[in-house]
Amino acid sequence: MKNIGNRIIIFVILIGLLGCEKNFDELNTNIVDPTSDSIDPAFLLNNAIVGLAFDAGTNIYYDEAIVQQIVTPNSGFVSGANYNQDNRNNTGNQWNDYFQNVIKHTSDVINQLNSTESNRTNLLQMARILEAYAFMVLTDEYGDIPYFEAGKGLSEQIVLPKYDPQSEIYPDIINELTEARDALSASAPAENGEALYGGDLDQWRKLANSLLVRAGMRLSNVDATLAQATVQSGFNGGVMESNNDNFVVRHDNNFSNPYFGVFNGTEANNFYLVDTFVDYLSSNDDPRLASLAIRYVGAASGPEQTVDISSKDPSDQVGMPMGYDNSTIGTVVSDLGLASFYDFSQLDRFTYGAQAAPSFLCTYAQTQLLLAEAAVNGWVTGDAAEYYENGIRGHMEQVAAYGESVAIADADIDTYIAANPLNLANAAEEINTQYWVASFLNGPELFANFRRSGFPDLTPNPYPAQDITGDFINRLTYPTAEIAVNQANLQEAVSRMGPDNLDTKVWWDVD
């Protein structure tokens, strides 16, 4: 009886298995896998768009301080560029944010659409444009990076991608932007669900063309022929025409601006506007100073930085000098007759540092200023002075996106522009100094264009040398985690590019 019972049990199990066979494929399909066909790739693209907003760690502690716009006298992980210090262990860095999020998502979209018979060619081209932009930011910050093998961990099981020379990366970025721009098609399905331009192909083309202008100008000192051809390609294709075309990540309570926590959280009392930046705006009666700055007059501590003692009056603003730490800044405070270092001017955290403050990545204003320089070079048609005026006006109008309270009146914009026409004899400096102002809070672009153009003409940070031997930091160092997991490929890049330190220059940064 026991054997008969066992046979019956086995028979029942076999019948059950046979009965389930027709649903076997369904049972073994991961319906929550974000790379599977069950997920609309537009959602992945939107994740990439949100992820493009710059992290606070790299951009506030390094990029903004290197170009002398925002600084802290305090030590520790927030010190960064003010201390001329290598801080590769910083918990927030552009490398991790972009490789682990943005490029992962854009690569998934590209791989998914390339591996199927999908006719969603517009979504594919959008992903290529965003990925090209992300790679441009990364290679500008670090130099040689994983590029041709990056983002292929899932599709090709390349978990330790090799590093590629920046001299090979840039031409391919230009090619990607050009091909993607040209492949956008009104006959393909609309992608109205994407979060950047709502499927507007004209705006995507303007973005690609404006990024081509940026990429071309970046190469102006290392390969003038490619630089000119690239700028002309973008210009002839049609660039951004107004602030409505800006490449901007919009934030809300669910997707907060990454700077929000720094400017309004536990680090709120640490960061100040640099005197170089404040003095430039003040000496030129620039209405942007009243828009972006706030000073808590007489504050002797962080808790005393209250609204009732705040002032946005340009005449009250006092910028903090570079090169001091929390043990030496007291001398400056005393000399200036301030209550404490908390008495220096800060960014208006209620608007520019708000949770829903936008993140501007590539703008009409920046593009017009680059065209002004290109026009001076003879690379594009048009009046350099007009492009210059458009760039200044565009940025002054752009700041209204941070809130009505910081919007600049049209009359004030007109007055400033009338008083500050472009002097062609000093065009490069004037254009790129205005680019410095117009790129405020866009750390990677500030740092890159400063190295490329040499303007504004900044006095080197006087902090006693720690980790640099030259006047300025030239690149960021690879994160410790990358050294630990991909050391062989990283060391190959170092042997080609130069030491993994703050002094080594990237390929396009030539004297």
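You'll find the side chain of N257 stays beyond 4.5 Å of the side chain of Q355, heavy atoms only. Side chains of V213 and V239 form a contact here, defined as non-hydrogen atoms less than 4.5 Å apart. Side-chain contact between E430 and Y388 is present, with heavy atoms from C-beta onward closer than 4.5 Å. The closest side-chain heavy-atom distance from W204 to F247 is not below 4.5 Å. Side-chain contact between L177 and T230 is absent, with no heavy-atom pair separated by less than 4.5 Å. Using a 4.5 Å heavy-atom cutoff, the side chains of I473 and L502 are in contact. N101 is not listed as a side-chain neighbour of V50, based on a closest heavy-atom distance of 4.5 Å or more. No side-chain heavy atom of V231 sits under 4.5 Å from any side-chain heavy atom of L370.
Closest heavy-atom contact between I66 and A81: CG1-CB, 3.6 Å. Across all non-hydrogen atoms, the minimal contact from D245 to Q203 is OD1-NE2, 3.1 Å. For the pair C362 and Q366, the tightest heavy-atom approach, listed with the atom from each and the gap, is CA-OE1, 3.4 Å. When all heavy atoms of G323 and N82 are compared, the closest pair comes out as N-OD1, 2.8 Å. The two residues D471 and P460 make their nearest non-hydrogen contact at O-CB, 3.6 Å. Heavy atoms only, all atoms of each residue included: S291 and V399 are closest at OG-CG2, 3.9 Å.
When only modelled atom types and interatomic distance are considered, D348 and T351 share a side-chain donor-acceptor pair under 3.5 Å. Judged by distance alone, the side chains of N243 and N246 do bring a donor and an acceptor atom under 3.5 Å apart. Using a 3.5 Å distance cut-off with no hydrogens or angles, the side chains of N449 and N432 do pair a donor with an acceptor. At a cut-off of 3.5 Å, with distance as the only test, a side-chain donor of E131 or S107 sits close to an acceptor on the other residue. Using a 3.5 Å distance cut-off with no hydrogens or angles, the side chains of E168 and Y147 do not pair a donor with an acceptor. Using modelled atom types and a 3.5 Å distance limit, the side chains of R181 and Q125 yield no donor-acceptor pair. Between the side chains of R393 and N390, no donor-acceptor pair of N or O atoms lies under 3.5 Å. Judged by distance alone, the side chains of E64 and N59 never bring a donor and an acceptor atom under 3.5 Å apart. With 3.5 Å as the limit, one finds a donor-acceptor pair spanning the side chains of S359 and H251. Side-chain contact check for Q305 and R349: at least one donor-acceptor pair (N or O, by modelled atom type) lies under 3.5 Å. Donor-acceptor pairing under 3.5 Å is lacking for the side chains of E141 and W95.
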CA sep, side-chain torsions, deciding dist, call: R218, E445, salt bridge (charged side-chain N to carboxylate O under 4.0 Å, His left out): CA-CA 10 Å; R218 193 81 86 236; E445 188 58 21; 2.7 Å; yes
Side chain to side chain contact (heavy atoms under 4.5 Å, CB included) assessment of L422 paired with Y387: CA-CA 10 Å; L422 178 64; Y387 291 131; over 6 Å; no
Worked verdict on Q94 versus D97 for side-chain hydrogen bond (donor to acceptor under 3.5 Å, both in side chains): CA-CA 5 Å; Q94 207 64 56; D97 282 1; 5.0 Å; no
Candidate pair W508 and D223, rule side-chain hydrogen bond (donor to acceptor under 3.5 Å, both in side chains), full reasoning: CA-CA 8 Å; W508 52 252; D223 189 338; over 6 Å; no
L219 vs W507, side chain to side chain contact (heavy atoms under 4.5 Å, CB included): CA-CA, chis, key distance, verdict: CA-CA 9 Å; L219 304 186; W507 166 71; 3.6 Å; yes
Pair D275-V318, side chain to side chain contact (heavy atoms under 4.5 Å, CB included): steps then yes or no: CA-CA 7 Å; D275 58 356; V318 181; over 6 Å; no
Worked check of side chain to side chain contact (heavy atoms under 4.5 Å, CB included) between N420 and I392: CA-CA 10 Å; N420 295 276; I392 296 172; 5.5 Å; no
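In summary, the aromatic rings of F472 and F450 are positioned with their centroids under 6.0 Å apart. Aromatic ring centres of W379 and F235: separated by at least 6.0 Å. In this structure, the ring of F455 has its center no less than 6.0 angstrom from the ring center of Y435.
Using cut-offs of 30° and 60° on the angle between ring planes, the pair Y272 and F344 is perpendicular. Ring orientation note: the planes of Y61 and F271 are close to parallel, at an angle under 30° on the 30°/60° scale. Using the six-membered ring where Trp is involved, F263 and Y259 have ring planes that are perpendicular, over 60° apart on the 30 and 60° scheme. Using a 30° and 60° split on the angle between ring planes, F440 and Y352 fall in the perpendicular class, above 60°.
Between the side chain of S310 and the main chain of V307, a donor-acceptor pair closer than 3.5 Å is present. No donor-acceptor pair closer than 3.5 Å links the side chain of Y170 to the backbone N or O of T139. The backbone N or O of A290 sits less than 3.5 Å from a side-chain atom of K312, completing a donor-acceptor pair. At distances below 3.5 Å, not a single donor-acceptor pair connects side-chain atoms of S439 with backbone N or O atoms of N442. The main-chain N or O of R288 is found under 3.5 Å from a side-chain atom of D286 such that the two form a donor-acceptor pair. Side chain of N46 to backbone of A195: a donor-acceptor contact under 3.5 angstrom is found. Judged purely by atom type and a 3.5 angstrom limit, R214 has no side-chain atom pairing as donor or acceptor with the backbone of T367. At least one donor-acceptor pair under 3.5 Å links the side chain of R475 to the backbone N or O of Y142. Of the possible donor and acceptor atoms, one in the side chain of Q317 sits under 3.5 Å from a partner among the backbone N and O of S311. Side chain of S220 to backbone of M217: a donor-acceptor contact under 3.5 angstrom is found.
Look at D202 and K206 and you find no salt bridge, because none of the NZ, NE, NH1 or NH2 atoms lies under 4.0 Å from a carboxylate O. Ion pairing between a basic and an acidic side chain is recognised when a charged N comes within 4.0 Å of a carboxylate O; R451 and D509 show no such pairing.
Around the CZ atom of F260, the shell of radius 6.0 Å holds more than 12 heavy atoms that belong to other residues, nucleotides or ligands.
With R295 as reference, D343 is the one residue of D343, D316, D313 to meet the side chain to side chain donor-acceptor pair (under 3.5 Å) rule. Only one option out of I145, I173, D140, V222 pairs with Q166 in a side chain to side chain contact (heavy atoms under 4.5 Å, CB included); it is D140. Screening L201, L124, N122 against E191 for a side chain to side chain contact (heavy atoms under 4.5 Å, CB included) leaves a single residue, N122.
A distance of 9.5 Å separates CD of E176 from CZ of F135, quoted to the nearest 0.5 Å. For the atom pair CD1 of I169 and CG of D144, the computed distance is 6.0 Å after rounding to the nearest 0.5 Å.
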